[in-house]
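The structure appears below as structure tokens.
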Number of protein chains: 2
Amino acid sequence: MNRIDQWVKVLQENGCRITAPRRAIIQVLAESHRALQPNEVYELSRASYSGIGLVTVYRTLERLENLGLIQRVHREDGCHLLMPAANGHEHYLVCTGCGRTILFEGDDLGALFARIESGTGYRVSDHWLQLFGTCPECREMGQTHN
Amino acid sequence: MNRIDQWVKVLQENGCRITAPRRAIIQVLAESHRALQPNEVYELSRASYSGIGLVTVYRTLERLENLGLIQRVHREDGCHLLMPAANGHEHYLVCTGCGRTILFEGDDLGALFARIESGTGYRVSDHWLQLFGTCPECREMGQTHN
DNA sequence: CTTCTTATTGAAAAACATTTTCAATAATAT
DNA sequence: ATATTATTGAAAATGTTTTTCAATAAGAAG
Ligand SMILES: [Mn+2]
Ligand SMILES: [Mn+2]
Ligand SMILES: [Zn+2]
Ligand SMILES: [Zn+2]
């Protein structure tokens, strides 16, 4: 079962109606390998449903985020970019060249948390880790062009 | 030498003039233990310089950020909160109750980066790590009041 | 201290992003 | 088929950040 069908199913299970505008938005986001701004989602969605309104994009993004299907990706300039959500304990690695974003897991911060908790009196309940770097394609281009 | 004087010095060294509005803004930010929104900086600055304009706040924030004196703190809902910048390799730990933010260091992600690089072909150049939790004061209040 | 240069200021307007309102439409259950 | 009601897009409202511009004042120079 592909991601689009999964998302549609989740929406249906939560009493949402499946409409043409929503299908267009879901398709754009579910298949994107980089984080998109609301405005970009709007533009790209118009390819499959030209009559779509920007308002509907915002409303659908909110739904998808609340259902845990999409997630924010932060960047230096802003934090309103959206990507298919991570599964469980995964984090994003964002290419600073082209924006292509992949997921990774396996960070082990338990020891760090323990040390911080005993040293500061704070209790650590959540962490947010995001990596930046260069994807193979961008590095290759950089080497040949610069 | 306290932080306010340090910041003033850095500004002067970079050809900036020290004005009353700037002093007000610097004082607010340099002494804050939690991240502030531009609007909050504005309100708090009016205490020491009532005639200040919001525009000046935005302009000064940009300066301070460019000079590396303040830094953004990210939160679930937004990333436009500002704090005195970390020194070197430090990260923030934000209390989700009161917003009080402290710094820590000593995260060792080298092994993780190496594994990701060899596994994905990406090169990791930068990382953002931010922790969320509860400060001692908030935890105590939570226990007695709830 | 006085004069000069020019960075800085605040008001107002503009630009931009996001949310609310509302009547019309269409998805879904019956 | 029909009824219910979630969803839609246009328009207006809201909130945030930036730009424009003439007046001001900080700091350098004499
Ligand atoms: Mn993690
Ligand atoms: Mn680190
Ligand atoms: Zn890339
Ligand atoms: Zn707290």
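A note on names: the letters A, B, ... follow the listed sequences, proteins ahead of strands, and every chain is numbered from 1. Values reported hereafter were calculated over all heavy atoms of this structure, with side chains retained and with hydrogens, waters and symmetry mates removed.
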Considering all heavy atoms of both residues, which atom of L69(B) and which atom of W7(B) are nearest to each other, and what is their separation? O-CZ2, 3.3 Å
To the nearest 0.5 Å, atom CD of E117(B) lies from atom CG of L131(A) at 9.5 Å
Taken to the nearest whole Å, CG/L82(A) to C1'/dA17(C) is 14 Å
Starting at atom CG of L61(B), determine the distance to atom C1' of dT8(C), rounded to an integer number of angstrom. 15 Å
Which ones in residues 19-32 of chain B lie close to DNA chain C, meaning a heavy atom under 4.0 Å from one of its atoms? T19(B), P21(B), R22(B)
So which of residues 36-49 of chain B are in contact with DNA chain D, with a heavy-atom cut-off of under 4.0 Å? P38(B)
Donor-acceptor pair, T96(B) side chain versus V94(B) backbone, under 3.5 Å? no
Side-chain atoms of R63(B) come closest, of dT18(C), dT8(C), dT7(D), to dT8(C)
Rounded to the nearest 0.5 Å, what separation is found between the CG atom of L82(B) and the CD1 atom of I25(B)? 11.5 Å
Separation of dA7(C) atom P from Q12(B) atom CD, nearest Å, is 16 Å
Hey, does the side-chain of R59(B) have a donor or acceptor N/O within less than 3.5 Å of a partner on the base of dT8(C)? no
Mind calculating the distance between CD1 (I18(A)) and P (dT7(D)) to the nearest angstrom? 9 Å
Could you check how far OH of Y58(A) sits from C1' of dT7(D), rounded to whole Å? 19 Å
Could you give the CG-to-P distance, from L54(B) to dA13(C), as a whole number of Å? 16 Å
Per nearest nucleotide of DNA chain D, the residue lying toward the 5' end, G53(A) or V55(B), is G53(A)
Taking all heavy atoms of V10(A) and all of N14(A), pick out the closest pair and write down the distance. O-OD1, 2.9 Å
R17(A) side chain: which of dT18(C), dT8(C), dT7(D) is closest? dT7(D)
When the distance from CD1 of I52(B) to P of dT24(D) is rounded to whole Å, what number comes out? 18 Å
Consider the side chain of C16(A), meaning its heavy atoms from C-beta on, and name the nucleotide among dA12(C), dA11(D), dT7(D) that approaches it most closely. dT7(D)
Is it true that, when you exclude E62(B) itself, more than 12 heavy atoms of the residues, nucleotides or ligands shown sit nearer than 6.0 Å to its CD? no
Could you tell me whether W128(B) and H74(B) have their ring centroids closer than 6.0 angstrom? yes
Enter the distance from R34(A):CZ to L36(A):CG here, rounded to the nearest 0.5 Å. 5.0 Å
Between H80(A) (NE2) and dG15(D) (P), how many Å, whole number? 16 Å
Could you tell me the separation between the SG atom of C95(B) and the CZ atom of R139(B), rounded to the nearest 0.5 Å? 9.0 Å
